[in-house]
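Right, one structure below, let's go through it.
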Amino acid sequence: MTSEPTRWVYGFGGGVADGDASMKNLLGGKGANLAEMSALGLPVPPGFTITTEACTHYYANGQTYPDALKIQVSEALKKVESETGKAFGDPKNPLLVSVRSGARASMPGMMDTVLNLGLNDQTVEGLANLSGDRRFAFDSYRRFIQMYSNVVLGIEHNVFEEILDEHKDRLDVHVDTGLMAEDWERIVADYKIAVEDALGRPFPQDAELQLWGAVSAVFDSWMNDRAKFYRRMHDIPESWGTAVNIQSMVFGNMGDTSATGVAFTRNPSTGEAALYGEFLINAQGEDVVAGIRTPQALTRAAREAMGERSPSMEEAMPTVFAEFKSVVERLERHYRDMQDIEFTVERGRLYMLQTRNGKRTAKAALKIACQLVGEGLISSDEAVLRVDPASLDQLLHPTIDPSAVRSVIAAGLPASPGAATGKIVFSADEAERLSGLGEAVILVREETSPEDIHGMHAATGVITARGGMTSHAAVVARGMGRPCVSGAGEIQIDESAQCFRARGRIFSAGHIVTIDGGKGEVLDGAVDMVRPELSGDFAELMAWADSHRRLKIRANAETPLDARTAREFGAEGIGLCRTEHMFFDEGRIAAVREMILADDEAGRRRALEKILPFQKDDFVELFQIMAGLPVTIRLLDPPLHEFLPHTEDELRTLAQSNGLDADKLIRRAKELQETNPMLGWRGCRLGVAFPEIYEMQVRAIFEAAIEVSKTAKPPAPEIMHPLVGKREEMKYLKDLTDRVARQVMSERGVEIDYQVGTMIELPRAAICADHLAESAEFFSFGTNDLTQTTFGISRDDSGRFLDYYIAKGIYEKDPFVSLDQEGVGELIKIAVERGRATRPSVKLGICGEHGGDPASIHFCERVGLDYVSCSPYRVPIARLAAAQAALQGS
Ligand code: PEP
Ligand code: MG
């Protein structure tokens, strides 16, 4: 029996297609959607897709192609030739193609593209004859040489830009449109000389050779640094590979009845239900995104809203516009989501080049999801699944206070909403360097390119002097949730002097500005911000999410501000109150240090007496804010030396200002100093060694709870012991807690419902969870420490080598950010199972950083925890992720 040979190539065009939209894994997003549009009978230039499997094969076999690929490509090409009535490489009637990447997930601008492929010294004459436009033919040829030389042959762009500028100077012409056919012919000749000079061989004339060069370049671009960085940022596995789409060219640069553009079926910034986008007459696709010419609006309404004079597409090409509008409306209904579309008009005929679900801001994602439910296109369950939980982060951060004084330095386009303040920097590397030092920076660029992506990521906001609403900067910033003002033409950047000029002033690197991405303004200095609006679409979607959620969501909070924020964001309790943070407060650190320096228990008790009232007040406020919701209070955890200064000088100064014996202080600090603090004398080991510390904390908790219970809903404290690993240890701590609790309750004659439990932070604790559950009434997985102790790496310094591990694919992600499900996760499963075996009602939660990470939340749903606890700003993210986990049956 012979098996079917592998199919590496799928054709589309002429109202039929070999693939469809469901085949994204094999054909990439672009290829699958071109096939789908073709089969829908939409005007798609015919072409074919080389599969992502061919890319995988290419990398698995020393960058070589599968044997059958060449034959399949040449068969597919023949079909395109018969569909178009043109022939590839034919000097009289040449077929030209575009060669574009297209992975499963969109990676805008990260990989390579070649347009106008198939042109050479003969076919350019054929194109000139066919089009009746010699200028167009040679303009296309020079574009091709420039793009191919850069992408495939590795020659820098500026080699060609300099030649072009020389010709413009010579002819005293300022814009490309001022160049005539013979000018372009001379430029083409000079381009070819430049290529030969650079490579020692002529520019390839053979169309077939050009094609395979471009295909390899696209496959190779899957591994370029930009693509790798983008994949890391968006968790796209390297193993997916990219497809290659080869498609017959249509030309938006064939005169004034031709155009090219991009459109979103709804506004990707605000979500407004109105066609949104830009186009350029007599241009090729790359001109729109490159931000070199300023594009025009698609609709009259948009043009008027922008106060523009150049006609919109609706006004300049009413017939094609009407057809376009009906096609995009159909696409949105078909895909049941907002579409991001690329199109070209060639001499009055419309062609669709791409459609995909459009990237959008979180605000737009919410609005669009709610609109689509309202329009009956999707259900509320689907709406919940449509919004990326991590993107909500954008909404939860402040915007500029409407009543703040605004000193506008420059205005541009509102490319990505939100506000950000920071020091201006002029390069991506500098942005990355300064942000690594903890500085907030605003990246200022003439226009951004994919090379700047790491800087955009590091910056809190982005300003560009050129480029439209769909320029690289705008698209990427929106995707990353960075506020962005693009096309701020008033800004004149002088990179060598590290400054920009605007409205008669000079702003140097390091100057602080604030950007208002919603208004498109750059403001001088730091400007007041206000908290986000959490009603409207946000509230509606969250209500749908909450109705599906099984996991409860708590917050990690110890200050009243954090607790209030957490409640506003919908937290259903506190899952971790780290009491040590309260000890650093100015009013009490002196007493804490006195306690540490005490020679004996009596001395420690005296110092603790002073801390008790402060500690009690802390809890009173927290209990009041949480109004009867559960509050898990973790008793003192860090090693005591963390409360002392580190250097001898600092210790002497401290001794002097507090009237302490400096030598004794230094000696004590040395005794407590540890080289392995993550495994050291910390956690409940403090409570076991110095029980009076925990006794004071428990007393403070109960005194506070009783006080609050007199005027408000009785608090529900859960006392949590850190770093427990042994049955006897847990029993000792449980007895200590109960003893003090009973004592305070009997002193006051008031009963408080409470629980005593433990964190699970050690592999031993997980494995012996059945022992711990004998006394512990709840477990909270402290996955920060559990990750440290399972891997044997420290969260404080692992950043230095984790990058190597991630780059080498040994770790897929930082295990401190996203839970290591196969190792740490396995320990959690063991603990859940064994804990429940001893005590079926044991309450289970997680309070490590992973409690706010969507992928880890899915895991928590799967193993049946009762709640996740995360930082207050992540509470809405966790609510949505928990709902999605429940809806997807995890
Ligand atoms: C943990 O270890 O996961 C935890 C929440 O405690 P901390 O981060 O305070 O050590
Ligand atoms: Mg811990």
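All residue numbers in this chain count up from 1 along the given sequence. As the structure lists them, so they are numbered: ligands from 1, and atoms in each ligand from 1.
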Legend entry - Pair Arg549-Gln884, side-chain donor/acceptor within less than 3.5 Å: no

Legend entry - Under-4.0 Å salt bridge between Asp735 and Arg739: no

Legend entry - Listed once per pair and sorted, the side-chain hydrogen bond (donor to acceptor under 3.5 Å, both in side chains) pairs that draw on residues 840-853, sequence neighbours left out: Glu718-Lys843, Thr783-His850, Ser818-Asp853, Asp853-Ser856

Inset, instruction - Can you label the angle between the Tyr805 ring and the Tyr811 ring as parallel, tilted or perpendicular, going by 30° and 60°? - result: tilted

Inset, instruction - Take the angle between the ring planes of Phe229 and His457 and call it parallel below 30°, perpendicular above 60°, tilted in between. - result: perpendicular

Legend entry - Plane angle bin for Tyr694 and His721 - parallel if under 30°, tilted between 30 and 60°, otherwise perpendicular: tilted

Inset, instruction - Non-hydrogen atoms closer than 4.0 Å to ligand 1: which protein residues do they belong to? List them by chain and number, please. - result: Leu576, Arg578, Arg634, Asp637, Met759, Glu761, Gly782, Thr783, Asn784, Asp785, Arg795, Cys847, Gly848

Inset, instruction - Before accepting this row, confirm whether a basic side-chain N of the pair Lys610/Glu594 lies closer than 4.0 Å to the acidic partner's carboxylate O. - result: yes

Legend entry - Where at least one partner belongs to residues 768-781, residue pairs that pass side-chain hydrogen bond (donor to acceptor under 3.5 Å, both in side chains), sequence neighbours excluded: Arg727-Glu774

Legend entry - Cut-off under 2.8 Å, centre the Mg ion (ligand 2), protein N/O/S atoms: Glu761 OE2, Asp785 OD2

Legend entry - pair Met582-Phe619: side-chain heavy atoms closer than 4.5 Å: yes

